[in-house]
Each structure stands twice: as C-alpha cells, then as structure tokens.
Amino acid sequence: MPILWVRRRTERDGNLTVRIRKGTTLRTAPAKRITASAFSQAADRGVQAALRQLHVVRESLADSKAEDIVFIDIQGKSALGDHMVVASGRSSRHVAAVCDRLISDIKDAGFGIPRVEGLSNGDWVLIDSGDVIIHIFRPEIRDFYNIEKMWQTPEIEEEKLH
C-alpha cells in the first residue's frame with residue numbers, strides 16, 4: 001500500500017491532520033498560531049545572519065588573497081542557500097590555504113563547522129556553510145566549469161512564457 005503524506009488544517013477545530021496510509025489517519029494536537037509579526041522577525045534574523053556570514057566570507061577571502069571573487073545572490077532561485085561565492089586561487093596549494101583559513105574563520109565567527117568537499121585534491125573545493133555556498137577553484141578548472149554563468153542567468157518574466 002503506498003504511503004501518502006497529506007497535511008491539512010481542518011476549519012472547524014484547527015487541528016492538523018496527517019494521513020500516513022490510505023485509510024489510516026492520525027490527529028495531532030491543536031496547531032500553534034504563529035502571528036505574521038513573529039514570522040517576519042524570525043525571517044529578518046535569518047537574513048541578517050546570512051549577511052553577517054557573507055561578510056565573514058568576503059573578509060576571509062580578501063585576507064587570503066583569493067582572486068576573481070564573484071558574489072551571486074541565489075535567494076529565491078535555489079533552496080541550497082541564500083548566497084553563492086565563486087573565487088580562484090593561483091595553485092592547488094593556494095586553494096587549500098584559502099579554504100583552510102576560510103573554514104577556521106567561519107568556525108571562529110560562530111557559524112558552526114561547514115561541510116567541505118574536495119580539499120584534499122585542491123582543484124575545486126566546495127564549502128557549504130548553510131546560508132553561503134563557496135566554490136574555490138584553480139583558474140583552469142574554473143574556466144572549464146564556468147558555474148557563475150549558470151547562476152547569473154537573467155530572470156525570465158512570467159508574461160513571456162507560453
């Protein structure tokens with residue numbers, strides 16, 4: 001029997017109903033009422049945290065002498081994060097040094113331990129710190145993949161779609 005995940009709020013009692021299998025219904029406690037002002041305050045705190053994290057990344061990359069730094073706002077385009085940063089190092093050793101410093105700066109700023117991929121090779125390092133995703137390349141690898149071109153496409157207006 002297939003599992004169905006249906007969530008809906010009933011009008012008469014305000015409870016949240018979750019159906020897990022066809023014919024089986026679980027009822028939860030009354031749903032909490034969250035006001036719009038509480039939600040907007042939480043959203044503002046999240047935006048401010050993302051901007052502080054972006055500032056830490058910007059300062060760390062500048063101090064490490066990273067080259068060709070590009071900042072891309074992906075808020076609304078992807079659920080991966082709010083900002084993407086693409087930078088280059090002069091060599092594999094420089095890429096590894098920039099990444100090591102960036103990781104320690106993110107930790108020291110209180111944003112936790114970021115997830116890192118590709119640091120041992122040093123050609124393309126991906127650092128996921130939650131709100132900000134950082135790609136650091138060697139110049140040849142960056143030219144080959146050209147990921148900033150993919151993320152900097154212009155917005156398409158809905159009226160122009162078929």
Side-chain angles (χ1 to χ4, degrees), residues 1-7 16 18-21 26 28 32 34 38-158 160-162:
M1 183 178 299
I3 297 175
L4 301 174
W5 294 96
V6 178
R7 296 180 183 206
L16 188 65
V18 180
R19 180 174 299 188
I20 55 173
R21 283 200 173 99
L26 297 178
T28 62
K32 294 181 180 178
I34 300 175
F39 178 74
S40 63
Q41 289 173 357
D44 287 343
R45 282 192 298 262
V47 169
Q48 293 301 322
L51 291 176
R52 280 188 320 214
Q53 193 172 17
L54 186 63
H55 179 72
V56 168
V57 169
R58 178 179 290 155
E59 293 296 317
S60 179
L61 291 175
D63 290 345
S64 298
K65 307 287 191 242
E67 299 174 344
D68 299 327
I69 303 170
V70 176
F71 300 95
I72 304 168
D73 183 18
I74 60 172
Q75 192 172 17
K77 292 181 183 178
S78 174
L80 298 173
D82 293 338
H83 304 281
M84 183 177 291
V85 180
V86 181
S88 295
R90 292 183 296 276
S91 64
S92 295
R93 184 173 281 195
H94 185 231
V95 168
V98 168
C99 292
D100 285 336
R101 178 168 181 149
L102 180 60
I103 292 165
S104 66
D105 286 346
I106 291 171
K107 281 191 237 178
D108 293 343
F111 292 109
I113 301 171
R115 292 175 296 281
V116 181
E117 294 288 330
L119 186 59
S120 60
N121 196 9
D123 290 333
W124 176 4
V125 180
L126 170 69
I127 301 173
D128 183 2
S129 62
D131 293 327
V132 181
I133 300 166
I134 304 108
H135 297 272
I136 303 177
F137 294 95
R138 279 189 314 126
E140 306 85 38
I141 305 298
R142 183 175 180 175
D143 289 340
F144 180 76
Y145 286 106
N146 200 9
I147 65 169
E148 58 260 44
K149 181 180 178 185
M150 176 177 63
W151 285 100
Q152 290 181 335
T153 57
E155 295 294 325
I156 299 173
E157 295 179 16
E158 291 187 25
K160 293 182 181 179
L161 296 176
H162 301 245

Please name the pair of heavy atoms, one in [X] and one in [Y], separated by the smallest distance, quoted to 0.1 Å.
X      : Y      : answer
Val132 : Ala50  : CG2-O, 4.1 Å
Gly112 : Ile106 : O-CG2, 3.9 Å
Pro114 : Lys107 : CD-CG, 4.3 Å

Measuring from [X]:[atom1] to [Y]:[atom2], what's the distance to the nearest 0.5 Å?
X      : Y      : atom1 : atom2 : value
Leu126 : Ile134 : CG    : CD1   : 8.5 Å
Asp128 : Met84  : CG    : CE    : 9.5 Å
Ile69  : Ile136 : CD1   : CD1   : 8.5 Å
Asp73  : His83  : CG    : NE2   : 5.5 Å
Leu119 : Ser92  : CG    : OG    : 11.0 Å
Phe71  : Leu61  : CZ    : CG    : 6.5 Å

**Request:** Determine, stepwise, if the pair Val56 / Asp108 fulfils side chain to side chain contact (heavy atoms under 4.5 Å, CB included).
**Result:** CA-CA 10 Å; Val56 168; Asp108 293 343; over 6 Å; no
**Message:** Using modelled atom types and a 3.5 Å cut-off, is there a donor and acceptor pairing between side-chain atoms of Ser104 and backbone atoms of Arg101?
**Reply:** yes
**Prompt:** Are the side chain of Glu148 and the backbone N or O of Val70 linked by a donor-acceptor pair below 3.5 Å?
**Reply:** no
Taking the side chain as every heavy atom from C-beta outward, state whether [X] and [Y] have any pair of such atoms under 4.5 Å apart.
X      : Y      : value
Leu54  : Val85  : yes
Arg90  : Lys65  : yes
Arg142 : His135 : no
Ser64  : Leu102 : no
Glu59  : Asp105 : no
Phe137 : Ile147 : yes

